[in-house]
Amino acid sequence: LFAARMAALPVISPDCRDYLIPWAQTMSTMRFGEVMTGRVGDYTVLYQYFVFLLSRLPESIDLVAMYKLLSISFEPLLAYSAASLVCLARGEEQDRLCFPVVFLAVLALPTVFLNGAYWSQCDVVFTSLALFGVLMILKSRPNTGCAFLALSLCLKLQAVFILPVCA
């Protein structure tokens, strides 16, 4: 699964070519305050912080790979959260067969792979934070859960659809 993701790093999706790369290039010539008041791109402010940091990397570092690695780095949290939730729902311990099977299944899902490693999208970031937030609430850690749900919501407004689950 890791090798497949690394093989997809050089692929530049139209969205990446037309939006993500130009946004980072535009930010590279701006100060932080200018970026935040000028709203480069159409992502939320929190994701723009990430793009701003990427725009400060040396030109020798592949910007496309960095966008993708940002998303890929959240995939283990997504898989952990999903596997933990399934085990919790089944009343099983994480060391049972359930956890590793679900963990690997989530990482093998085409939508998970394609979204970050191929298309350079950030959906796995907000989804992993939202699922982890739900997990924390179900494990009687509501403050931590709400914090992760808030971060998820700050990254993508679609996280609002998870909130009724927590209620």
Side-chain angles (χ1 to χ4, degrees), residues 2 5-82 85 106-107 109-139 141-167:
F2 182 75
R5 282 159 173 77
M6 294 306 104
L9 287 183
V11 176
I12 301 175
S13 68
D15 192 44
C16 190
R17 179 192 65 236
D18 297 341
Y19 300 103
L20 299 175
I21 294 171
W23 291 342
Q25 289 171 337
T26 299
M27 287 183 189
S28 70
T29 63
M30 301 170 75
R31 291 189 323 270
F32 181 74
E34 293 173 317
V35 170
M36 292 300 115
T37 57
R39 293 283 308 186
V40 177
D42 64 359
Y43 278 115
T44 60
V45 173
L46 184 55
Y47 194 74
Q48 286 197 16
Y49 291 159
F50 290 133
V51 177
F52 179 79
L53 292 173
L54 292 178
S55 76
R56 295 305 192 248
L57 294 173
E59 288 185 24
S60 60
I61 296 177
D62 184 6
L63 185 59
V64 174
M66 292 297 102
Y67 268 115
K68 291 179 178 191
L69 289 172
L70 174 63
S71 291
I72 291 168
S73 68
F74 280 86
E75 290 176 4
L77 179 61
L78 177 71
Y80 171 82
S81 300
L85 285 167
V106 169
L107 291 179
L109 286 170
T111 51
V112 173
F113 166 74
L114 290 172
N115 191 269
Y118 197 79
W119 293 325
S120 312
Q121 296 298 305
C122 65
D123 297 303
V124 71
V125 179
F126 92 90
T127 305
S128 64
L129 295 172
L131 277 184
F132 189 74
V134 170
L135 177 65
M136 291 295 99
I137 289 171
L138 290 174
K139 288 190 165 196
R141 296 184 59 199
N143 293 341
T144 303
C146 288
F148 275 88
L149 285 165
L151 283 171
S152 176
L153 191 57
C154 288
L155 281 165
K156 202 149 185 177
L157 295 177
Q158 285 87 334
V160 74
F161 296 111
I162 299 289
L163 298 180
V165 172
C166 299

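Note that this is a predicted model, so its numbers are computed, not measured.
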Heavy-atom donor-acceptor pair, [X] side chain to [Y] backbone, under 3.5 Å:
X    : Y    : answer
K68  : A117 : yes
Y67  : C16  : no
Q48  : V40  : yes
R141 : L135 : no

Between atom [atom1] of [X] and atom [atom2] of [Y], what is the distance when rounded to the nearest 0.5 Å?
X    : Y    : atom1 : atom2 : result
S73  : M66  : OG    : CE    : 10.0 Å
T26  : E34  : OG1   : CD    : 12.0 Å
L163 : S152 : CG    : OG    : 8.0 Å
I21  : S55  : CD1   : OG    : 13.5 Å
L107 : L78  : CG    : CG    : 7.5 Å
C122 : N115 : SG    : CG    : 7.5 Å

Contact check, side chains of [X] and [Y], non-hydrogen atoms, under 4.5 Å:
X    : Y    : answer
V134 : I137 : no
V35  : V51  : no
M6   : L69  : yes
R31  : T37  : no

For this session: Quick one: which residue pairs count as a ring pair (Phe, Tyr, Trp, His ring centres under 6.0 Å) with a foot in residues 148-167, not counting sequence neighbours?
Result: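 Sorted result for residues 148-167: F132-F148.
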
For this session: Output every pair passing ring pair (Phe, Tyr, Trp, His ring centres under 6.0 Å) with a member in residues 19-38, not counting sequence neighbours, ordered by first then second residue.
Result: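 Checked against ring pair (Phe, Tyr, Trp, His ring centres under 6.0 Å) - neighbours excluded - the pairs reaching residues 19-38 are Y19-W23, W23-Y43, F32-Y49, F32-F52.
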
Problem set entry | F50, CZ atom: more than 12 neighbouring heavy atoms under 6.0 Å |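 Counting other residues, nucleotides and ligands, CZ of F50 exceeds 12 neighbours.
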
For this session: Measure across V106 and A79 and return the closest heavy-atom pair with its distance rounded to 0.1 Å.
Result: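 For V106 and A79, the tightest heavy-atom pair comes out as CG1-CA, 3.8 Å.
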
Exercise. Looking only at heavy atoms, what is the nearest atom pair of T44 and C154, with distance?
Worked result: OG1-O, 2.7 Å

For this session: Show your working on side chain to side chain contact (heavy atoms under 4.5 Å, CB included) between L54 and L63 and close with a plain yes or no.
Result: CA-CA 7 Å; L54 292 178; L63 185 59; 4.0 Å; yes

Exercise. Which is it for L9 and D62 under the side chain to side chain contact (heavy atoms under 4.5 Å, CB included) test, yes or no, and what are the steps along the way?
Worked result: CA-CA 9 Å; L9 287 183; D62 184 6; 5.7 Å; no

Exercise. Of all residues at least two apart in sequence or in a different chain, which pass the side-chain hydrogen bond (donor to acceptor under 3.5 Å, both in side chains) check with Q121?
Worked result: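 side-chain hydrogen bond (donor to acceptor under 3.5 Å, both in side chains) check on Q121 returns D15.
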
For this session: Evaluate the criterion side chain to side chain contact (heavy atoms under 4.5 Å, CB included) for residue pair E75 and T127; output intermediate values, then yes/no.
Result: CA-CA 9 Å; E75 290 176 4; T127 305; over 6 Å; no

For this session: Start with the C-alpha gap between L77 and L129, add the side-chain angles, then the distance that decides, and say whether side chain to side chain contact (heavy atoms under 4.5 Å, CB included) holds.
Result: CA-CA 8 Å; L77 179 61; L129 295 172; 4.1 Å; yes

